[in-house]
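Below you'll find the structure, written out as structure tokens, and then a few comments.
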Amino acid sequence: MTELAKVYDPQATEQRWYQFWLERGYFHADERRDGATYAVVIPPPNVTGMLHLGHVLNNTIQDVAVRYRRMRGDNVLWMPGMDHAGIATQNVVEKKLAAEGTDRHELGRDAFVERVWQWKENYGGVILQQLKRLGASCDWQRERFTMDEGLSAAVREVFVRLYEKGLIYRGHRIIHWCVRCHTALSDEEAAVTEGGEKGSLWHIRYPAADGGAGVVVATTRPETMLGDTGVAVHPDDERYRDLLGRSVVLPLLERPIPIITDELVDREFGTGAVKVTPAHDANDFEMGNRHNLPAICIMTTDGVIGEAGGPYAGLDRFAARARIVADLEEQGFLEGIEDHRVPVRRCQRCDTVIEPYLSRQWFVRMEPLAAPAIAAVERGDLLFHPPRWTGVYLHWLNNIRDWCISRQLWWGHRIPVWYCQGCDAENVARDEPERCGVCGGGELLQDPDVLDTWFSSWLWPFSTMGWPEKTPTLEKFYPTDMLATGADIIFFWVARMVMAGCEFMGEVPFRDVYLNSIVRDGKGRKMSKSLGNSPDPIDVMNQYGADALRFTIVSLAPLGQDVRFDADKTEFGRNFANKIWNATRFALMNLEGADLSTWNEASAPLDLDLPSRWILSRLQTVVDETRSAIDEYRFSDAASSIYRFLWGEVCDWYVELIKPALYGDDLRAKTLVGTTLVTVLDRVMRLLHPFMPYLTEEIWQALPMQRSVDSIMIAPYPQAVAAWRDERAEEVVAALTDTVTAVRAIRSEFGIAPREPLTVRIVANGHAERIEELRGFVENLARVSAIEILHGDERPTGEPSAAIAGLGEIFVPLGDSVDRAAVSERMQRERAKIDKELKAVEGKLGRPDFVDKAPADIVEKEREKAAALHERRAVLERHLAALHG
RNA sequence: AGGCACGUAGCUCAGGGGGAGAGCACUUCCCUGACACGGAAGGGGUCGGCGGUUCAAAUCCGCCCGUGCCUACCA
């Protein structure tokens with residue numbers, strides 16, 4: 001281990017340690033263990049899924065939370081698994097079949113489903129392997145799949161229970177229909193394109209049946225007029241008063257249809273008159289019901305105009321639209337065309353324009369389920385992070401609509417309903433019934449449809465733990481503690497899980513919901529396949545390492561904000577990893593052969609040297625900051641806290657400060673700083689382990705110390721030790737670093753070569769002893785050859801100087817080679833700056849309001865500031881006088 | 001249309017009523033025995049605009065402009 005490479009190579013370590021952790025079973029949760037538990041269920045990725053940066057962030061956050069809790073000694077369960085992803089998976093396999101020149105209908109249902117299972121075995125779940133590469137510490141022994149026997153049983157159980165409660169029903173309604181996937185979709189799966197799409201608003205005249213001018217309607221989908229069975233106007237609309245009770249003639253088909261009045265009509269929009277097409281629009285369907293209008297279905301499931309479309313039958317919906325518009329114009333019915341942004345729904349899976357379609361489907365009555373889910377959040381049983389999502393969640397639940405759960409697919413959970421061929425009864429059962437429960441008939445036919453994929457996902461927090469059986473896992477780990485997911489699936493998944501948890505388990509499925517950032521590309525665009533702007537995380541890990549990617553993405557993703565990510569930003573994490581690696585390399589090189597114990601939490605290492613007391617004191621602050629940041633889900637704050645300490649304090653200062661001791665002959669001194677350095681590295685590696693698991697394990701294993709456990713992932717998470725705090729050391733080292741920085745600045749600004757000897761003179765403001773304490777360090781770090789302490793009123797003139805808080809005033813005599821004009825110029829610049837500041841501070845102090853009303857300590861601070869500025873100004877004046885004199 | 005975020009250095013973003021910060025980029029110097037994936041020093045911002053509250057506003061409030069997201073029965 002002493003021959004460490006100069007540059008950290010992640011490839012060499014990652015595989016090895018992951019294997020090690022797996023073999024030791026450190027990811028496994030044990031129901032029989034006592035003590036506090038911490039449980040997280042993974043948002044199950046699609047079986048067809050490939051890892052993208054959104055997954056990387058989401059799973060890194062879960063892994064951080066879970067590894068942190070594990071190190072804190074909790075009994076931790078991170079439940080992994082996958083979703084069968086009905087439409088997505090069926091699409092994948094269908095595409096394969098198409099490439100083979102066949103299709104699922106030719107294959108038949110059973111053979112097709114068999115093919116999907118085969119595909120799953122051969123190609124599915126790549127993403128889980130990718131998550132392992134990322135370092136995810138899931139309990140893989142428990143991996144679940146939503147189509148597993150156990151989870152399928154849970155689905156049937158839930159269906160039957162809700163049916164028996166009257167919460168599942170079959171209804172004839174307008175649903176979202178994908179003409180390509182040939183299935184119904186839920187509201188959430190048929191999202192409206194952002195900002196609408198370019199379209200037109202056609203104004204069409206429907207002449208009165210009795211010969212009058214009739215009415216002009218405005219529509220964005222003229223083809224649906226073939227199914228019009230009425231025209232609606234607002235009851236109070238004066239313009240149409242004389243049309244009430246009359247009829248108009250539907251152009252092209254010449255069908256008489258009534259004028260009705262309905263409050264739903266917006267008088268401001270279009271012409272204030274709406275064509276009513278009950279079979280092809282959800283609002284029109286409701287209106288049709290209210291006014292007993294017939295619903296005429298004019299389209300086939302392929303989106304082609306059907307028989308009811310008369311001369312347009314056989315045309316695709318968009319071709320029909322064009323033809324109809326042309327015909328209307330030719331026949332003089334078209335009154336005008338406006339450009340118009342049209343809200344278009346598209347299939348979430350295939351992007352095809354959705355057709356509102358009247359159809360018979362299964363629904364879940366949601367209101368009764370929503371009530372407890374609303375109450376739970378209002379009671380504070382469940383908290384959103386950041387909290388603003390609470391409103392989004394509540395708004396959706398308060399305006400909930402019934403959930404269409406049937407899908408006309410083959411891949412998924414078959415609806416557990418058998419229709420009696422004798423008496424038509426619905427037989428709903430957990431297992432296939434032998435005979436009809438109503439008439440006893442033996443001829444039963446199962447509903448051909450399957451359930452919405454989310455109908456299994458909403459049970460995930462408890463179905464994965466064995467529900468409906470009363471398992472020890474459920475007993476131990478339900479409810480879970482945290483759910484980390486994207487805000488885009490609050491409705492799809494989070495809210496539904498809460499409802500299912502309340503309904504079937506009697507309590508919310510998790511206490512904290514962490515909504516992680518959306519990862520965008522460097523230009524702020526959403527990562528998407530079609531844009532090709534999403535770097536493959538595996539490539540990024542190959543180039544920079546898994547730890548680098550984890551650390552970078554967590555650092556970039558503050559709670560509640562989106563994150564812009566470019567692959568090359570990973571240099572941030574890579575450089576940090578390398579810095580840590582080299583700090584360790586430095587320790588090992590200099591402590592070769594030593595076997596140091598580390599400082600024990602119970603010991604108070606007061607007889608240490610100044611830098612060691614200082615760094616151990618600073619360590620306590622980082623420990624506190626890191627713990628509270630993770631506890632509050634401020635993962636990026638935790639990461640930056642560790643980063644700043646390790647790089648900015650340990651590497652930049654501590655390592656430099658102890659070099660003399662380390663290189664010296666004093667064995668005791670050497671051991672003390674060595675032990676401290678190893679202590680600090682040990683604690684920081686443990687702090688950092690949840691973020692960078694591989695690197696920290698590699699380094700921790702290499703540290704020359706004894707270990708009570710064989711892996712950092714089960715080592716205790718550091719706790720602050722009050723006895724290690726040392727305020728005096730912090731104050732003194734602050735004076736030290738200020739001094740060094742000031743001297744280096746003078747050196748640099750006046751072009752004094754790095755190796756040129758330099759004397760520093762210090763006017764000790766009662767800090768002579770402190771200066772003696774720091775002398776060696778300053779000489780070393782600032783490359784100062786001599787330090788003179790000035791006593792009494794002696795003041796150098798014409799020399800660059802700086803005031804150091806807690807120490808005194810330092811002066812650097814310059815050699816003859818230095819350009820006096822440059823010195824003068826710099827001093828004048830500083831004086832100008834001081835004058836500006838003085839003006840502000842004295843202006844403040846000059847206002848009676850400020851002195852009277854501001855808190856005394858603030859006023860005092862301003863006075864001290866003014867005094868210091870004056871003093872500094874006087875020094876500059878003296879120097880300048882000397883330079884010019 | 002309504003709601004929620006956000007607008008701070010060239011870029012990406014922290015901070016949040018009393019001294020403008022980090023990383024990257026940039027300039028100068030340094031291959032000093034952990035690290036050039038490094039070290040040292042430095043330049044750069046009227047903290048989106050306008051008002052208000054306050055002794056004091058980048059920070060709180062209002063309006064406006066810009067950006068992003070979410071919701072909706074915009075036919």
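Between A/Tyr393 and B/C4 there is no side-chain N or O to OP1 or OP2 distance below 4.0 Å. At the phosphate of B/C6, neither OP1 nor OP2 sits under 4.0 Å from any side-chain N or O atom of A/Arg388. Contact annotation: A/Asn575 does not reach the phosphate of B/C35 (side-chain N/O to OP1 or OP2, under 4.0 Å). Between A/Arg564 and B/C13 there is a side-chain N or O to OP1 or OP2 distance below 4.0 Å. In terms of phosphate contacts, A/Lys865 brings no side-chain nitrogen or oxygen within less than 4.0 Å of OP1 or OP2 of B/G18. Residue A/Trp647 places at least one side-chain N or O under 4.0 Å from the OP1 or OP2 atom of B/G39.
One cannot find a donor-acceptor pair under 3.5 Å joining the base of B/A40 and the side-chain atoms of A/Glu749. Side-chain atoms of A/Lys6 and base atoms of B/C35 include no donor and acceptor less than 3.5 Å apart.
Relative to the side chain of A/Leu556, the nucleotides B/A75, B/U12, B/A34 differ in distance, and B/U12 lies closest. Distances from the side chain of A/Arg345 to the nucleotides B/C73, B/C55, B/U32 place B/C73 closest. Proximity note for A/Asp652 (side chain, C-beta onward) versus B/G23, B/A34, B/G39: the nearest is B/G39. Nearest to the side-chain atoms of A/Glu656 among the listed nucleotides B/C73, B/C35, B/A40 stands B/C35. When distances run from any side-chain atom of A/Asn283 to the nucleotides B/C37, B/C73, B/G38, the shortest one goes to B/C73. For A/Asp266, counting side-chain heavy atoms from C-beta on, the closest listed nucleotide (B/A75, B/G18, B/U12) is B/A75. For A/Arg755, counting side-chain heavy atoms from C-beta on, the closest listed nucleotide (B/U32, B/A75, B/C55) is B/U32. Of the candidates B/A34, B/A75, B/C70, B/A34 carries the atom nearest the A/Lys579 side chain, counting heavy atoms from C-beta on. The A/Arg847 side chain lies nearest to B/C55 when the options are B/U32, B/C55, B/A34. Of the listed nucleotides (B/C37, B/A34, B/A41), B/A41 has the atom at the smallest distance from the side chain of A/Ser748.
Rounded to an integer number of Å, the gap from A/Glu860 CD to B/A56 P is 21 Å. One can place CZ of A/Phe576 at 17 Å from P of B/A22, the figure rounded to the nearest angstrom. The distance from atom CD1 of A/Ile642 to atom P of B/A22 is 20 Å, rounded to the nearest whole Å. Atom OH in A/Tyr643 sits roughly 13 Å away from atom C1' in B/C35 (whole-Å rounding).
Contact annotation for A/Lys861: no contact, since no heavy-atom pair falls under 4.0 Å across all strands. A/Ala577 comes within 4.0 angstrom of nothing in the nucleic acid, heavy atoms only. Using a 4.0 Å heavy-atom criterion, one finds that A/Pro848 contacts no nucleic acid atom at all. Using a 4.0 Å heavy-atom criterion, one finds that A/Ser555 contacts no nucleic acid atom at all. The residue A/Ala745 sits close only to the backbone: its heavy atoms come under 4.0 Å of sugar-phosphate atoms, none of a base. Heavy atoms of A/Val265 sit under 4.0 angstrom from at least one base atom. As judged by a 4.0 angstrom heavy-atom cut-off over every strand, A/Arg401 is placed among residues touching the sugar-phosphate backbone only. Using a 4.0 Å heavy-atom cutoff across all strands shown, A/Lys569 reaches sugar-phosphate atoms only and no base atom. A/Val655 comes within 4.0 angstrom of a base, heavy atoms only. Contacts of A/Tyr663 with the nucleic acid, taken as non-hydrogen atoms under 4.0 Å apart, include base atoms. Nucleic acid contact class of A/Arg574 (heavy atoms, under 4.0 Å, all strands): base. Nucleic acid contact class of A/Arg520 (heavy atoms, under 4.0 Å, all strands): sugar-phosphate only. A/Gln543 comes within contact range of no nucleotide atom at all, as no heavy-atom separation falls under 4.0 Å. Residue-level contact check: A/Glu862 touches the backbone only, with heavy atoms under 4.0 Å from sugar-phosphate atoms and none from bases.
B/G3 and B/C11 have their P atoms separated by 31 Å, with the value rounded to a whole Å. For the C1' atoms, the distance linking B/G44 with B/A1 amounts to 43 Å, nearest Å. Between the P atoms of B/G43 and B/A56, the separation comes to 32 Å (whole Å). B/G19 and B/G23 have their P atoms separated by 22 Å, with the value rounded to a whole Å. Between B/U71 and B/G49, the distance separating the two P atoms is 33 Å to the nearest Å. B/C30 and B/C69 have their C1' atoms separated by 48 Å, with the value rounded to a whole Å. Straight-line distance between the C1' atoms of B/C55 and B/G17: roughly 12 Å, to the nearest whole Å. B/U32 and B/A40 are spaced 11 Å apart, taking the C1' atom of each and rounding to whole Å.
In this structure, the ring of A/Phe572 has its center less than 6.0 angstrom from the ring center of A/Tyr643.
Between A/Ala495 and A/Trp396, the shortest heavy-atom distance links the atoms CB-CZ3, 3.6 Å. Minimum interatomic distance between A/Pro278 and A/Leu293 (heavy atoms only, all atoms of both residues): CG-CB, 4.3 Å. Listed here is the closest heavy atom pair of A/Val563 and A/Ser517: CG1-CB, 3.9 Å.
To the nearest 0.5 Å, atoms CD (A/Glu335) and NE2 (A/His203) are separated by 9.5 Å. Rounding to the nearest 0.5 angstrom, the gap separating the NE2 atom in A/His176 from the OG atom in A/Ser186 is 7.5 Å. Note: A/His385 NE2 to A/Tyr514 OH = 10.0 Å, rounded to the nearest 0.5 Å.
Mapping A/Ile518 and A/Cys651 onto RNA chain B by nearest heavy atom places A/Cys651 at the nucleotide closer to the 5' end. For A/Arg829 and A/Val650, each mapped to the nucleotide of RNA chain B holding its nearest heavy atom, the one lying further toward the 5' end belongs to A/Val650.
With a cut-off of 3.5 Å on both Watson-Crick or G-U wobble distances, the partner of B/C73 is given as none. Across all strands shown, B/C47 remains unpaired; no Watson-Crick or G-U wobble contact has both distances below 3.5 Å. When both distances must be under 3.5 Å, the Watson-Crick or G-U wobble mate of B/U53 does not exist. Pair assignment for B/C29 gives B/G39, based on Watson-Crick or G-U wobble hydrogen-bonding distances that are each under 3.5 Å. Look at B/A22: its Watson-Crick or wobble partner, with both distances under 3.5 angstrom, is B/U12. Summarising the base pairing, B/G66 is matched to B/C6 through a Watson-Crick or G-U wobble pair whose two defining distances lie under 3.5 Å.
Around the CG atom of A/Asp339, the shell of radius 6.0 Å holds no more than 12 heavy atoms that belong to other residues, nucleotides or ligands.
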#### Entry: Verdict with reasoning, A/Arg221 to A/Asp281, per salt bridge (Lys or Arg N to Asp or Glu O under 4.0 Å)
CA-CA 10 Å; A/Arg221 292 189 299 149; A/Asp281 183 277; 3.6 Å; yes
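Residues A/His234 and A/Asp262 have side chains that never bring a donor and an acceptor to within less than 3.5 angstrom of each other.
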